[in-house]
Colleague: 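First the structure, then my questions, so here it is.
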Amino acid sequence: MFRTIRRLFLPNPLDWMLKRMASRGGTKILLGWNRGLGDIPLGLYAIVQRIRQYIPEAEITFLIRENLREGFSMLEGIKILVAPDWKRGQAYSAKESLKSLGIDPKAFDLVIERPSPNDWVRKSRGTLTPRLKWDASYDALATSFSLPEGFLYIGVQLCAETNHGSWRNWPVEQWHELLSRLAKMPHVKVLLFGYGKEPEITYPNVIDLRGKTTLFELLSVIKNRCHAVVLPDSGILSMLYYLDVSFPLQVISLWTDCEGVLKQGVFSPNRELIHRPLIGQRRDPTTIASYTVLQELFPAKPLLRCQQAAHVKLRPVENVGVILLAGGQGSRLGFAGPKGLFPIQGKSLFQWICDKVDPHIPIAVMTAPCNHEATVSFFQKNGFFGKEIHFFQQGTLLMRDAKRRPLDITAPDGNGSVFKAFEQAGLNQLFAAKGIRHISVVPVENPLADPVDPSLISWALETGADAVIKCMEVEAGERAGVLIEREGRCEILEYTECYRNDLQNRFLAASGLPQNSQAHSGLAFRQGSLAPHTKPEDLPCQNPDSSSRFGIDAYEAYKYAYTGMMILSPSLMKQAAQIDLPLHWVWKQIGVYFGKKKFAWKGERFIFDLLPFANRVEALCFPRAEIYAPLKEPGNLRQIEQKLMHKSYII
């Protein structure tokens with residue numbers, strides 16, 4: 001509190017000292033500094049400029065420790081003295097250190113032992129752009145490390161390596177998730193920057209430069225070899241951001257709060273630098289998903305080519321197991337009970353699927369806590385339809401209000417929880433014991449789904465892929481995930497993300513900020529989503545189910561749609577059980593109270609977020625009429641019945 005009062009009511013100490021010195025005709029100033037590297041551009045640059053405002057001819061000298069020498073040499077027009085015995089974090093006396101160097105402190109007109117940039121030049125934020133000089137001769141330093149040609153380099157710093165604020169670092173587990181995904185890209189190599197050797201990283205595409213570079217060497221490697229960097233709030237980030245030289249670079253920065261270069265509030269002097277800050281919610285870095293970082297590093301584009309099912313050479317269907325996703329209720333259909341019990345032409349949705357599976361093929365049915373007992377009871381009453389049936393339950397999450405505060409309402413956590421739930425139920429081990437080599441995943445809501453599709457299984461065998469997506473061509477106005485390509489790898493984008501991307505573009509256009517600019521990155525949007533200060537009711541369209549044209553054009557840019565069906569290898573299923581897939585938050589209606597609709601945020605994990613972890617992903621396109629008739633609402637029941645009447649099954 002005293003610090004705040006002092007700022008408000010007392011004169012600025014720096015201004016007071018400089019005015020007094022100027023009135024006496026002094027020109028020689030010494031400042032001691034034994035703190036962080038990042039403070040050079042974030043505060044000391046502004047102090048130097050302030051000194052020159054009062055005393056243009058000032059001779060400015062910094063007394064520093066040895067490992068700050070290169071950083072301070074990037075400030076224009078200053079002198080440097082090095083105290084050889086200084087260590088970061090240790091107390092010091094600038095005057096005593098000068099004496100040990102054989103310099104009389106009285107040689108300076110003003111000695112500032114401990115400058116305080118946060119107090120003295122905080123008003124320069126948002127107006128003064130720090131500029132760190134770069135000598136072109138430093139560019140040759142990048143060649144010292146003999147980095148192989150022909151690769152796309154991503155530089156990362158795993159932790160800020162400061163004596164305080166370690167809670168701000170991105171968790172090691174999430175670094176491993178990101179690095180494991182990058183390891184799947186054969187053209188990508190990762191460079192580790194920093195000073196310490198912890199944590200240990202052993203991925204085959206990683207080159208560990210920690211402790212092996214000077215500051216100039218590190219910056220030279222980034223400038224001349226890196227396509228992008230992923231950095232925490234650190235001195236390396238601050239020095240890189242304010243380099244006064246033009247070169248293309250994408251910077252992904254990880255934050256728990258608006259500090260450092262974000263608080264500085266000015267663009268980088270490097271106009272080719274694209275900055276993408278990702279800010280954790282509630283000062284929690286764990287809320288920044290590795291998938292979000294990957295999206296920023298490698299933006300996706302629509303998948304435009306896909307193998308057609310009709311051209312696949314069929315092979316015998318052997319060693320197959322089935323997972324039936326059946327965690328939903330029939331409430332949207334006006335049906336009380338699990339959706340899988342809903343009858344169509346005298347057969348439940350469960351029976352439509354199970355009738356297509358041979359008795360020797362195991363079926364694992366994933367339920368939710370809200371429908372588990374009713375589902376198990378239904379199968380028991382029907383003799384399990386003569387099949388080998390196993391049950392396991394997905395998890396739940398608390399829903400959140402408009403301000404993201406937890407509500408006392410739980411909901412299923414999405415089909416992405418299938419992997420952990422399957423493992424916890426012992427089903428990975430059971431399927432392995434039965435020699436299962438392919439696991440077919442189908443949703444219960446689609447009576448046309450073939451859980452043992454020979455074309456899909458044959459394509460998995462032919463390509464050796466550990467994930468094969470069953471897809472179809474997109475139709476305008478539908479609500480389905482779409483297939484995208486990221487660095488030559490196939491993934492799936494949830495349909496709501498198509499609308500959200502369109503929403504972000506409209507939001508930026510309305511704000512006057514250019515898209516993909518430094519100006520909007522991380523300020524209007526955080527974690528690839530709307531910022532916490534944006535209220536759902538303020539959005540142009542809250543619900544992509546709306547008949548509004550909003551977002552439709554963005555959706556039609558894609559060619560292939562996801563059917564909800566895929567083939568996965570058992571090894572990928574087991575690997576996925578150890579991965580925390582990202583949470584996607586959807587604004588959903590949860591009821592009507594006093595005649596007014598009530599909405600809340602529902603967190604869901606999507607099964608297809610596993611795909612970036614797969615060694616190889618393929619897609620196979622089928623005619624829509626033969627494979628896709630999902631029961632979403634009562635209005636499409638008639639259409640589904642007509643499709644079933646024209647479809648001939650071999651059971």
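On a predicted model such as this, the values are computed, not experimentally measured, just so you know. The residues of the chain are indexed from 1 along the displayed sequence.
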Colleague: May I ask you to test the Arg489-Met185 pair for a side-chain heavy-atom distance under 4.5 Å?
Modeller: yes
Colleague: Given 3.5 Å as the limit, does a donor-acceptor pair link the side chain of Gln250 with the main chain of Glu296, or not?
Modeller: yes
Colleague: Is any side-chain heavy atom of Leu110 closer than 4.5 Å to a side-chain heavy atom of Lys28?
Modeller: no
Colleague: Kindly compute the distance separating CZ (Arg65) from CD (Gln90), expressed to the nearest 0.5 Å.
Modeller: 10.0 Å
Colleague: Side chains of Asn270 and Ser268: is there a donor and an acceptor less than 3.5 Å apart?
Modeller: no
Colleague: Has the side chain of Trp16 got a donor or acceptor atom that lies under 3.5 Å from a matching backbone atom of Pro11?
Modeller: no
Colleague: Where do Ser220 and Trp134 come nearest, in terms of heavy atoms and distance?
Modeller: N-CH2, 3.7 Å
Colleague: Does Gln157 use its side chain to pair, donor to acceptor, with the backbone of Cys159 at less than 3.5 Å?
Modeller: yes
Colleague: Which heavy atom of Pro148 sits nearest a heavy atom of Arg225, and at what distance?
Modeller: O-NH2, 3.2 Å
Colleague: In Å, rounded to the nearest 0.5 Å, how long is the span from CD of Glu70 to OG of Ser73?
Modeller: 6.5 Å
Colleague: I want to check a possible cation-pi pair here: Arg50 against Trp120, using under 6.0 Å from ring centre and within 45° of the ring axis as the test.
Modeller: no
Colleague: Between Ala160 and Asp233, what is the shortest heavy-atom contact and its length?
Modeller: CB-O, 3.6 Å
Colleague: With rounding to the nearest 0.5 angstrom, report the CG to CZ distance, Leu37 to Arg88.
Modeller: 8.5 Å
Colleague: To the closest 0.5 Å, what do you measure between CD1 (Ile579) and CZ (Phe613)?
Modeller: 4.0 Å
Colleague: Looking at side-chain heavy atoms only, is the closest gap between Val188 and Phe298 below 4.5 Å?
Modeller: yes
Colleague: Is the backbone N or O of Gly235 less than 3.5 Å from a side-chain atom of Ser238, with the two atoms forming a donor-acceptor pair by type?
Modeller: no
Colleague: Could you go through Phe247 and Leu243, starting from their C-alpha distance and side-chain angles, then the distance that decides it, and tell me whether this counts as side-chain contact (heavy atoms from CB on, under 4.5 Å)?
Modeller: CA-CA 10 Å; Phe247 63 97; Leu243 278 185; 4.2 Å; yes
Colleague: Does the side chain of Leu273 come within less than 4.5 Å of His275's, by heavy atoms?
Modeller: yes
Colleague: Has the side chain of Thr292 got a donor or acceptor atom that lies under 3.5 Å from a matching backbone atom of Ile288?
Modeller: no
Colleague: Sort out for me which residue in Tyr92, Phe62, Trp33 forms a ring pair (Phe, Tyr, Trp, His ring centres under 6.0 Å) with Trp86.
Modeller: Tyr92
Colleague: Between Trp170 and Pro232, is any pair of side-chain heavy atoms under 4.5 Å apart?
Modeller: no
Colleague: Between Ser100 (side chain) and Ser97 (backbone), is there a donor-acceptor pair under 3.5 Å?
Modeller: yes
Colleague: Can you spot which of Asn205, Val156, Leu152 makes a side chain to side chain contact (heavy atoms under 4.5 Å, CB included) with Leu182?
Modeller: Asn205
Colleague: Hey, which of Leu18, Leu31, Asp39, Ile29 is the one that makes side chain to side chain contact (heavy atoms under 4.5 Å, CB included) with Ile47?
Modeller: Leu31
Colleague: Would you compute the distance between atom CG of Leu44 and atom CD of Gln49 and round it to the nearest 0.5 angstrom?
Modeller: 11.5 Å
Colleague: Tell me, with the steps shown, if Leu147 and Leu191 meet side-chain contact (heavy atoms from CB on, under 4.5 Å).
Modeller: CA-CA 10 Å; Leu147 300 175; Leu191 303 177; 4.0 Å; yes
Colleague: Given 3.5 Å as the limit, does a donor-acceptor pair link the side chain of Glu485 with the main chain of Lys301, or not?
Modeller: no
Colleague: So, are Glu487 and Lys184 salt-bridged, with charged N and O less than 4.0 Å apart?
Modeller: no
Colleague: Of the non-hydrogen atoms in Ala22 and Ile55, which two are nearest, and what is the gap between them?
Modeller: CB-CG1, 4.0 Å
Colleague: Give the minimum heavy-atom separation between Pro41 and Pro130, together with the two atoms involved.
Modeller: O-CG, 3.2 Å
Colleague: Of Leu30, Asp104, Thr61, which meets side chain to side chain contact (heavy atoms under 4.5 Å, CB included) against Leu98?
Modeller: Leu30
Colleague: Between Asp257 and Lys263, does at least one N-O distance fall below 4.0 Å, as a salt bridge requires?
Modeller: no
Colleague: Search all heavy atoms of Val111 against all heavy atoms of Ala94 and return the closest pair with its distance.
Modeller: CG1-CB, 4.4 Å
Colleague: Between Met21 and Tyr54, is there a side-chain heavy-atom distance shorter than 4.5 Å?
Modeller: no
Colleague: Could you tell me whether His227 and Tyr153 have their ring centroids closer than 6.0 angstrom?
Modeller: no
Colleague: Check step by step if side-chain contact (heavy atoms from CB on, under 4.5 Å) holds for Phe419 and Gln578.
Modeller: CA-CA 8 Å; Phe419 306 111; Gln578 309 304 317; over 6 Å; no
Colleague: Just by modelled atom types, is the Asp208 backbone N or O under 3.5 Å from a matching donor or acceptor in the Lys212 side chain?
Modeller: yes
Colleague: In Å and rounded to the nearest 0.5 Å, what is the CG to CD1 distance from Leu75 to Ile60?
Modeller: 9.0 Å
Colleague: Establish, yes or no, whether a centroid distance under 6.0 Å links the rings of Trp601 and Trp585.
Modeller: no
Colleague: For Arg486, which residues count as a salt bridge (charged side-chain N to carboxylate O under 4.0 Å, His left out) partner, sequence neighbours excluded?
Modeller: Glu491
Colleague: Could you tell me whether the side chain of Thr256 and the main chain of Asp284 form a donor-acceptor pair under 3.5 Å?
Modeller: no
Colleague: Would you say the side-chain atoms of Ser180 pair up with the backbone N or O of His176, donor to acceptor, closer than 3.5 Å?
Modeller: yes
Colleague: What pairs with Glu173 under salt bridge (charged side-chain N to carboxylate O under 4.0 Å, His left out), at least two apart in sequence or on another chain?
Modeller: none
Colleague: With side-chain contact (heavy atoms from CB on, under 4.5 Å) as the criterion, how do Tyr241 and Val251 come out once you've worked through the C-alpha distance, each side chain's angles and the decisive distance to 0.1 Å?
Modeller: CA-CA 8 Å; Tyr241 189 82; Val251 177; 5.5 Å; no
Colleague: Heavy atoms, side chains only, cut-off 4.5 Å: are Thr27 and Asp109 in contact?
Modeller: yes
Colleague: Between the side chains of Asn118 and Arg125, is a donor N or O closer than 3.5 angstrom to an acceptor N or O?
Modeller: yes
Colleague: Looking at Lys79, I'd like to know if its NZ atom is crowded, meaning that more than 12 non-hydrogen atoms belonging to other residues, nucleotides or ligands lie closer than 6.0 Å.
Modeller: no
Colleague: Hey, does the Lys NZ or Arg CZ of Lys189 hover above the aromatic six-ring of Phe151, less than 6.0 Å from the centre and inside 45° of the axis?
Modeller: yes
Colleague: Less than 4.5 Å apart, any side-chain heavy atom of Thr214 and any of Asn67?
Modeller: no
